[in-house]
Amino acid sequence: MPSATVNKPRPSELLSRLTSAEPEVKVRALREVKNQIIGNRTKKLSFLKLGAVPAVAGILADSIDDVTENNNCNNTNNFLVQSAAALGSFACGFDAGVQAVLDAGAFPNLLRLLANPNEKVVDAVARALRMIYQSKLAPKYDFLQQKNMEFLISLLNSEKETVSGLGASIITRSCETNLEQKALFDAGILRKLNSLLEGGSLSQRDASLESLATVFRNNPEVISKFAGPDIGRPLSSIIDLAKDRYPRTRLLACMCLIVIRNASPHFLQDIGIKTKLIHILLELLDDPGQVGDEAPFAFSSLIAQKEDLQKLALEANAIDKFHHHIKKGSLHPRRYEGILLALADMCSKLESCRTKFLSLQVCFFSGTNYLAQPNQVKPWSHSRLWPPMVFTQQQSLSLLQVLNLVADALTDYNAGVRAAACICLKSVTRSIKNLSAGYFMNETIVIPLVQLFLDPSTSVQVAALGATSNIVVDFTTHKSIFVQCGGMKQLVQLAKSMESSVRSNALWALKNFVFQADNRLKEGVFSELTASLLSSLIRDPEPSVQEQALALVRNLVDGCINLIEFVFAEDGLILGAIGRQLQCASKAEIGIQGMYALCNVASGNEFHREAVMQLLFTQMGDKNQSFVVKFLQSNDSQLRTATVWTIVNLTCPSSPGAPCRLEKLRNAGIVSQIKNMVNDPCVDVKLRVRTVLEQSMAFGDN
C-alpha cells in the first residue's frame, strides 16, 4: 500500500510561524527550518533571501534574555537548542550562511551560551560554533592576548566532547603566525591536543589532528619540541592514526605527517613511512565522500618538488590510479581539480612520469630541461636538430586520448578544474622531448587554451598563460597554428591587462613564442605590439612585468641585423626605455634581461654598438657611478655574465670603432673592474672576462 505524502510547509509559511506567540508553534517551526536546510544549499539560499537567519537569531537573543528571568523555563531552553541548531545548519558548509549568521549578531550570543547550565543548550551551541569555524569567514582569535588563551584552555579542558572539539576548531581557523604557534606550545596546548589524540573520541581526535597540523605548519621549532621526550611519543600516535579504521582520521593523520615532513625534512625519513603515506592517500581516493575529494590535494602536498617521493608514487602506479578516476567521469569538481593538480606535481620534474602520463614509449633527449626553470635562455644559444619521432598506431591513439582528456578538462564548467588542467598541461610540457616532437601545438589543445585567455577568472587566465608559455616554445615548424587560432593577438591584448599577473604571464608567453622564431613571425609580433606599447611595458610599475618585457625585447632582436632595428623604431623609444630602466633596476633579474637585450643589439653593426655605448654613458656624470660597474660588482653571477658579455660585443676586434669604445670603457673604470674579475667564482663570468682582456690586448692594452 503506498505511503501517504507529507506536504512540507513552504519557507514563507515557516518564516511567519517563527513570529508566532505560541511557543510550541515557534519551536516546531525552528525544528522544521533546520530539517529542511540540512545538506540542501538551494533551500538555505531560499531561506536566506527571505531573511530567516535574522529571525532565528532574534529568537536566540530573546531567549537569552528570558533565561536571565527564568532559568528553569523548558520553552526557553527549547528555543535556545532549536535556534542554535538552525543557525549551525545555515552555517554548515555554506559561507553565505556563515556570513548571514555573523551579520545577524548571533556569534557573541552563541559564545555567551557556552556558560549555560543546561547541557543540551551547551551541546547545541558548541555544534553551531563548530559549523561556523569550518569556514574561513569565522572570527579569528589573537592567541597572544592572555584572555583569549585562557578562553581556549577552558574549552579544551571541558569534559564535553563538543566543547573541547570547538577549542581545537578555533585553533585551526585562528592560528596564523609563528609567534602564535609558539605561544600555543608554551601554554601547554599541544600537550592537551596530544592527550585528545590518545584518549579522545573520534570527533576529538579528528579536531586535534587538524589543529596540530595548523600549529606545525612551517614551524620546525615547534615540531622539534613536540617530538621531544617531554610529551611522550606524539609522532608515533599520529603514525598509528594514519592506519585508523575511519577514512577521515587516516586522511587527517596523513596531512599532519605531511606538514611535519615539509617543515622538518629530517623527521619521517624512513622510506617505509613515505611509501605508506602514498598508498594510504591513493586508497582514500576510492572514498565516495569529502575524504576522497581532499585526498589528491594531500597527495600533491606530499610529493610537490620532491623527486624521491615522485619516483615512489610512480612505482605505486599513482598516474594509472588518477587516470582511472578521471575516466570514470562524473567526478565532484573538487576531486577533479585535485587529481589534475596531483598529476601536475607528478609530471613537474621527472621525464619518466611525463612519459607514463602520455603512455608513450619513445626515445627522448636527456639533456638539460630549461623549461623546468623558465628563465630566458642565453642569446647565443642555437637550435638543435632533433631526430624524427616515429610512433606506432597504438601509441598515436593513446596520445590522442590523453590530449582529449586534457582538452575536456580545459573546457570544464568549473573554474578550479580549468585552472588545474592548465597547470597539469604546463607540467607535462616542461619537456624538450615532448616539445621537439610537436605533440602539443595542435588544435585539440591550442583552441581551448586560447579561449581561456578570455576566461572571467583571473586565476584561469594566468594558468592558461603559464601552459602556453611552454607550448609556444615548440621546436617544430607548427607555430603558425597558434597564430591562426588568434593566440598571438590575444597575448598582445592581455599584455595591456589591468592585472599585473596577467600582463607578466602574457609577456612571458610572447617571449617564448618568439624564441628562435623566424624573422617573419617576429616582425608580425612586433607589428602587433608596437614600439610605444613595448616601451611602456618596460617602464611598468610592476618589476615582474618589466623583467618579462625586457626578456621579450631580448628575444625579438636575437638574430639578423634587421631585427635589431626594432629597438630604434619611433625615435628609439625601446632603447631609451631600456637605458632608463637599467639605471634604476629594482632587482637583478631586470638588469639581467636588460643587459642581454643590449648584448644582442651590440652584436649588430657599428651604428648599433655606438648606440649602446651612448646609452651606457648618457646619464653618467662626475658623481654618478655607471650602472655597468654596479652590475659587474653584483652578487648575482648571471648579471655579471650578461654585463661582461655586452662588453665582449662592444670590443670585438673586427669592429672599426672598438679601440675608441675600449678607451671610453677604460676611462669609466669598467676595464679595471673587469681585470679584478679574472678569478671570478663563476666559470661563465671568468671565460667572458678572459675574452674581454684578450680583445683589449689586441689593441695594445697590457
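Quick caveat: nothing in here was measured; it's all calculated off a predicted structure.
- The ring-ring contact (aromatic ring centres under 6.0 Å, His included) test applied to F216 returns F226, not counting sequence neighbours.
- By the 4.5 Å heavy-atom criterion applied to side chains, V514 and K479 are not counted as neighbours.
- The two residues R248 and V291 make their nearest non-hydrogen contact at CA-CG2, 3.6 Å.
- Within the structure, the ring-ring contact (aromatic ring centres under 6.0 Å, His included) test picks out the following pairs touching residues 266-323 (sequence neighbours left out): F299-F322.
- Taken to the nearest 0.5 Å, the CG atom of L537 stands 10.5 Å off from the OG atom of S504.
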Practice problem: May I have the step-by-step check of side-chain contact (heavy atoms from CB on, under 4.5 Å) for I592 and L550, ending in yes or no? | Solution: CA-CA 9 Å; I592 292 167; L550 288 166; over 6 Å; no

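- Scanning for side chain to side chain donor-acceptor pair (under 3.5 Å) contacts around E542 gives an empty result, with sequence neighbours left out.
- Between the side chain of Y133 and the backbone N or O of P139, at least one donor-acceptor pair lies under 3.5 Å.
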Practice problem: Under the side chain to side chain donor-acceptor pair (under 3.5 Å) rule, what do K306 and N262 come out as? Steps first, then yes or no, please. | Solution: CA-CA 10 Å; K306 303 179 188 72; N262 288 346; 2.9 Å; yes

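- Checked against side chain to side chain donor-acceptor pair (under 3.5 Å), S236 has the following partners two or more places apart in sequence or in another chain: R233.
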Quiz item: Between H332 and N414, is a side-chain contact (heavy atoms from CB on, under 4.5 Å) present by the stated rule, with each step listed?
Solution: CA-CA 10 Å; H332 187 282; N414 183 273; over 6 Å; no

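- A salt bridge is absent between K511 and E547; no separation between the charged side-chain nitrogens and carboxylate oxygens falls under 4.0 Å.
- Checking side-chain atoms of E180 against main-chain N and O of E176 turns up a donor-acceptor pair under 3.5 Å.
- Listed by chain and residue number, D206 satisfy the side chain to side chain donor-acceptor pair (under 3.5 Å) test with T249 (two or more places apart in sequence, or in another chain).
- Note that the CD atom of Q548 and the CG atom of L507 stand 7.0 Å from one another [nearest 0.5 Å].
- The side chain to side chain contact (heavy atoms under 4.5 Å, CB included) test applied to N317 returns D320, not counting sequence neighbours.
- Across all their heavy atoms, I471 and M441 have their closest contact at O-CE, 3.6 Å.
- Take L350 and apply the side chain to side chain contact (heavy atoms under 4.5 Å, CB included) test, not counting sequence neighbours, and it matches E307, Q310, K311, S352, C353.
- When the side chain to side chain contact (heavy atoms under 4.5 Å, CB included) test is applied to N218, no partner is found at least two apart in sequence or on another chain.
- Inspection of the Q305 and S348 side chains reveals no N or O donor paired with an N or O acceptor under 3.5 Å.
- Residues E210 and M255 form no side-chain contact, since every pair of their non-hydrogen atoms from C-beta on lies 4.5 Å or further apart.
- Checked by atom type and distance alone, the side chain of N194 never pairs as donor or acceptor with a backbone atom of L190 at under 3.5 Å.
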Quiz prompt | Stepwise side chain to side chain donor-acceptor pair (under 3.5 Å) test for S169 and Q134 | solution = CA-CA 7 Å; S169 297; Q134 288 179 354; over 6 Å; no

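- Side chains of L281 and I258 form a contact here, defined as non-hydrogen atoms less than 4.5 Å apart.
- By the ring-ring contact (aromatic ring centres under 6.0 Å, His included) test, F513 is found to be paired with F482, residues two or more places apart in sequence or in another chain being considered.
- At a threshold of 4.5 Å between non-hydrogen side-chain atoms, the residues E221 and Q181 do not count as touching.
- When L212, L197, L251 are each tested for a side chain to side chain contact (heavy atoms under 4.5 Å, CB included) with C256, only one passes: L212.
- A distance of 9.5 Å separates CG of L241 from CG of L252, quoted to the nearest 0.5 Å.
- Panel note: side chain Q546, backbone D540; a donor-acceptor pair is recorded below 3.5 Å.
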Practice problem: Could you check Y596 against N555 for side-chain contact (heavy atoms from CB on, under 4.5 Å), going step by step and ending with a plain yes or no? | Solution: CA-CA 9 Å; Y596 274 134; N555 277 5; over 6 Å; no

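- Summarising the geometry of L144 relative to A183, their closest heavy-atom pair is CD2-CB, 3.9 Å, with the distance given to 0.1 Å.
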Exercise. Take I326 and L343, measure what side-chain contact (heavy atoms from CB on, under 4.5 Å) needs, and give me the verdict at the end.
Key: CA-CA 11 Å; I326 291 177; L343 285 169; 3.9 Å; yes

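- Residues Q593 and E589 have side chains not in contact (no heavy-atom distance under 4.5 Å, counting atoms from C-beta outward).
- Counting only heavy atoms from C-beta outward, the side chains of D408 and L405 never approach each other to under 4.5 Å.
- Among residues two or more places apart in sequence or in another chain, the side chain to side chain donor-acceptor pair (under 3.5 Å) test is passed with D287 by none.
- With sequence neighbours excluded, the residues satisfying side chain to side chain contact (heavy atoms under 4.5 Å, CB included) with A304 are D345.
- In this structure Y141 satisfies the ring-ring contact (aromatic ring centres under 6.0 Å, His included) test together with F151, sequence neighbours excluded.
- L340 places none of its side-chain heavy atoms less than 4.5 Å from the side chain of V406.
- Here the straight-line distance linking atom CD of Q451 with atom CZ of R418 works out to 11.0 Å at 0.5 Å rounding.
- The side-chain heavy atoms of L184 and L152, taken from C-beta on, include a pair separated by under 4.5 Å.
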